[in-house]
Amino acid sequence: MQNTAKKILIVDNNDSCRESLGSFIKGLGYEVFEAATGPEAIDRASSIHPNLIMMDLSLPGMNGDEATARLKRNMSTRNIPVVINTGWTTACNTGDRATRALEAGAEEILYKPFHLSMLRDVLRTYLSV
């Protein structure tokens, strides 16, 4: 099953995480774009109009919850599904940031480390034709 028309923007300040996630997603046939900061994520999303954004919460320049809120307020990016992928848990006292991302319009949260089969299911959910 080829998904070459589907574009995914991976937003993560950790190069290894971004590259690993990108490599797996490319292997599924999707086109991958990357951003390492919140402002870069907004710029990239506005210019490439991906079909899905995988957004980390801890980003330089602007955290993922704020970047998600800005994307959802923008008419040209508001309908792009945003899936938060983060290593933060509520035990880290950051549940409020995850909650803000969901309240801003993120579809769901994947907590790292997650199983690749779970990621595949998320991609199918939001990128089905």
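When a residue number appears, it is its place in the shown sequence, counting from 1.
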Peer 1: Is there side-chain contact between M62 and I42, with heavy atoms separated by less than 4.5 Å?
Peer 2: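 Yes, their side chains come closer than 4.5 Å.
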Peer 1: Would you say N51's side chain and K7's backbone share a donor-acceptor pair under 3.5 angstrom?
Peer 2: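 It does hold such a pair.
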Peer 1: Hey, are the side chains of N85 and L21 touching, using non-hydrogen atoms and a 4.5 Å cut-off?
Peer 2: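 The answer is yes, as the side chains (C-beta and beyond) meet within the 4.5 Å cut-off.
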Peer 1: Nearest 0.5 angstrom please: Y30 OH to I10 CD1, how far?
Peer 2: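 Separation between the atoms: 12.0 Å.
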Peer 1: Between the side chains of D56 and S58, is a donor N or O closer than 3.5 angstrom to an acceptor N or O?
Peer 2: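 Per modelled atom types, D56 and S58 side chains form no pair under 3.5 Å.
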Peer 1: On a heavy-atom basis, which atom in G22 and which in V32 lie closest, and how many Å separate them?
Peer 2: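 For G22 and V32, the tightest heavy-atom pair comes out as O-CG2, 3.8 Å.
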Peer 1: Are any non-hydrogen side-chain atoms of Y111 and T86 less than 4.5 angstrom apart?
Peer 2: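 Touching, per the 4.5 Å side-chain cut-off.
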Peer 1: Apply salt bridge (charged side-chain N to carboxylate O under 4.0 Å, His left out) to D43 and list each qualifying residue two or more places apart in sequence or on a separate chain.
Peer 2: none
Peer 1: Any chance you could measure I25, atom CD1, to L52, atom CG, to the nearest 0.5 Å?
Peer 2: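 Atom-to-atom, I25:CD1 and L52:CG are 7.5 Å apart.
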Peer 1: Looking only at heavy atoms, what is the nearest atom pair of T37 and P60, with distance?
Peer 2: CB-O, 3.4 Å
Peer 1: Mind checking the CG-CZ spacing from D15 to R18? Nearest 0.5 Å is all I need.
Peer 2: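 Result: 4.5 Å between the selected atoms.
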Peer 1: Taking all non-hydrogen atoms of both residues into account, name the closest pair between A45 and P50 and its distance.
Peer 2: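 Closest approach of A45 to P50: O-CD, 3.6 Å.
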Peer 1: Do K6 and Y126 touch side chain to side chain, with heavy atoms closer than 4.5 Å?
Peer 2: no
Peer 1: State, to 0.1 Å, how close E107 and P81 come at their nearest heavy-atom pair, and which atoms those are.
Peer 2: OE1-CA, 3.2 Å
Peer 1: Ignoring hydrogens, what is the shortest heavy-atom contact between G105 and K72? Give both atom names and the distance.
Peer 2: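 Shortest heavy-atom contact: O-CE, 3.4 Å.
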Peer 1: Can you see which heavy atom on G61 is nearest to which on P39, and at what distance?
Peer 2: C-CD, 4.0 Å
Peer 1: Going from CD1 on I53 to OG1 on T77, what distance comes out if it is rounded to the nearest 0.5 angstrom?
Peer 2: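 Here the rounded value is 6.5 Å.
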Peer 1: Side-chain contact, heavy-atom cut-off 4.5 Å: E40 with L59?
Peer 2: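 No, side chains not in contact.
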Peer 1: Would you indicate whether the side-chain heavy atoms of I80 and L9 approach each other to under 4.5 Å?
Peer 2: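 Not touching, per the 4.5 Å side-chain cut-off.
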Peer 1: Quick one: side chain to side chain contact (heavy atoms under 4.5 Å, CB included) partners of S117, sequence neighbours excluded?
Peer 2: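 With sequence neighbours excluded, S117 shows a side chain to side chain contact (heavy atoms under 4.5 Å, CB included) to H115, R120, given in chain and number order.
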Peer 1: Are the side chains of N63 and R100 in contact, using a 4.5 Å heavy-atom criterion?
Peer 2: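 They are not in side-chain contact.
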Peer 1: Enter the distance from T68:OG1 to L102:CG here, rounded to the nearest 0.5 Å.
Peer 2: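 So the gap between those two atoms works out to 9.0 Å.
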Peer 1: When rounded to the nearest 0.5 angstrom, what distance separates CD in E66 from CG in L57?
Peer 2: 12.0 Å
